[in-house]
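First up is the structure itself, then whatever we jot down about it.
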Amino acid sequence: KLYIILNNLNKLNISVVIATLGGDSLKGTIEQLNNGSNVPSEILVCIPNDFAVNVQKLQFDNLKIISTECKGQVAQRAIGFQNAKFDLVLQLDDDLNIDFKCIENLLNILNSLPFNSAVAPQYLVKGTKNMFHQRPSSLWLLNLYYFLINGTEGYKQGVITKACTPISCTFEDTTL
C-alpha cells in the first residue's frame, strides 16, 4: 500500500516533472497544481538553456527551474526524473487544465494497485466529459493496437508497455 506523506508545509511528497519551452500556458498549469486538493512538494520545470528566459518570472515556493543542455521532451524529462527528490513522480505537459482532485484521484487508484504500478489521468475534451482519446470500437483493432505497443503481453492494466507508454486502469465513474 502507498502511504501518503505530507511534509511540514502540508504539501504532498511527490515530484512533478514538466518538460517545456516556457509557453504561455505553463503558469496556469503550475497554479492549478498548487491549488489542487494535494499540492506537490516540488515542481521541476525542465527547460533548454536557450528558452530559460521564458520562465525566469515564475515565482512559486515549490518550483525548481532546471536548465538543460538538451532540447526535446524525452531528454528534458529524463533530467527531471534524475533530479526528483521523491519516490512518487508525476510527469505532465505544460498546457494541461488539471482537475482539483487529479493528484488525489491518481493516488487513490495507485494505492489500489500492486506495488510498482503506474497510473495515468484521463484526458477530457475541455468543457465536456468526453475522453480525448477514444478507444477503437473494433475489438480486433484494439487487440492489434495493444500487440503493437506491448508485444504478446497485449493489454495489461497498470503497466508500462514495451513502447514505454502506460496502460491505465479504467474506472468509468472516476474522473481524474
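Remember, predicted model here, so these are calculated numbers, not experimental data. Side chains are part of it too, since the values below use all heavy atoms of this structure and drop only hydrogens, waters and symmetry mates.
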Any side-chain heavy-atom pair of [X] and [Y] under 4.5 Å:
| X | Y | result |
| --- | --- | --- |
| Q32 | N97 | yes |
| V89 | F81 | yes |
| I43 | L33 | yes |
| N49 | E69 | yes |

In terms of hydrophobic clustering (I, L, V, M, F, W, Y; side-chain heavy atoms under 4.5 Å; direct or indirect links), are [X] and [Y] co-clustered?
| X | Y | answer |
| --- | --- | --- |
| V55 | F60 | yes |
| L88 | L63 | yes |
| I30 | L21 | yes |
| I66 | V16 | no |
| I14 | L92 | yes |

Got a donor-acceptor contact below 3.5 angstrom from the [X] side chain to the [Y] backbone?
| X | Y | result |
| --- | --- | --- |
| T20 | I47 | no |
| N150 | K156 | no |
| N38 | K101 | no |
| Q76 | C46 | yes |

Mind listing the closest non-hydrogen atom pair of [X] and [Y] along with its distance?
| X | Y | answer |
| --- | --- | --- |
| P40 | I103 | CD-CD1, 4.1 Å |
| G23 | D94 | N-OD2, 4.2 Å |
| T68 | C70 | OG1-O, 2.7 Å |
| T29 | L96 | OG1-O, 3.2 Å |

Does atom CZ of F147 have more than 12 heavy-atom neighbours, drawn from other residues, nucleotides or ligands, at distances under 6.0 Å?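 Open.
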Does atom NZ (K162) have a neighbourhood of more than 12 heavy atoms from anything else shown, all under 6.0 Å?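 Yes - once you tally the heavy atoms of other residues, nucleotides and ligands closer than 6.0 Å, there are more than 12.
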Distance check, rounded to the nearest 0.5 Å: [X] atom [atom1] versus [Y] atom [atom2]?
| X | Y | atom1 | atom2 | result |
| --- | --- | --- | --- | --- |
| I98 | N35 | CD1 | CG | 10.5 Å |
| Q91 | L44 | CD | CG | 12.5 Å |
| N105 | F100 | CG | CZ | 11.0 Å |
| I149 | Y155 | CD1 | OH | 10.5 Å |
| Q59 | K27 | CD | NZ | 10.0 Å |
| N54 | L26 | CG | CG | 9.5 Å |

CA sep, side-chain torsions, deciding dist, call: I18, D93, side chain to side chain contact (heavy atoms under 4.5 Å, CB included): CA-CA 6 Å; I18 302 175; D93 288 342; over 6 Å; no
Where do D50 and K71 land on the side chain to side chain contact (heavy atoms under 4.5 Å, CB included) test, with the steps shown first? CA-CA 9 Å; D50 295 343; K71 181 180 176 186; over 6 Å; no
Do we see a donor-acceptor contact under 3.5 Å between the side chains of E42 and S15?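 Yes, because at least one side-chain N or O of E42 sits under 3.5 Å from a partner of the opposite role on S15.
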How would you list, by chain and number, every residue that makes a side-chain hydrogen bond (donor to acceptor under 3.5 Å, both in side chains) with E31, sequence neighbours excluded?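 side-chain hydrogen bond (donor to acceptor under 3.5 Å, both in side chains) check on E31 returns nothing, list empty.
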For Q56, which residues count as a side-chain hydrogen bond (donor to acceptor under 3.5 Å, both in side chains) partner, sequence neighbours excluded?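 Q56: no side-chain hydrogen bond (donor to acceptor under 3.5 Å, both in side chains) contacts found.
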As a quick check of understanding, evaluate side chain to side chain contact (heavy atoms under 4.5 Å, CB included) for L106 and L110, giving each step before the final call. CA-CA 6 Å; L106 287 170; L110 186 60; over 6 Å; no
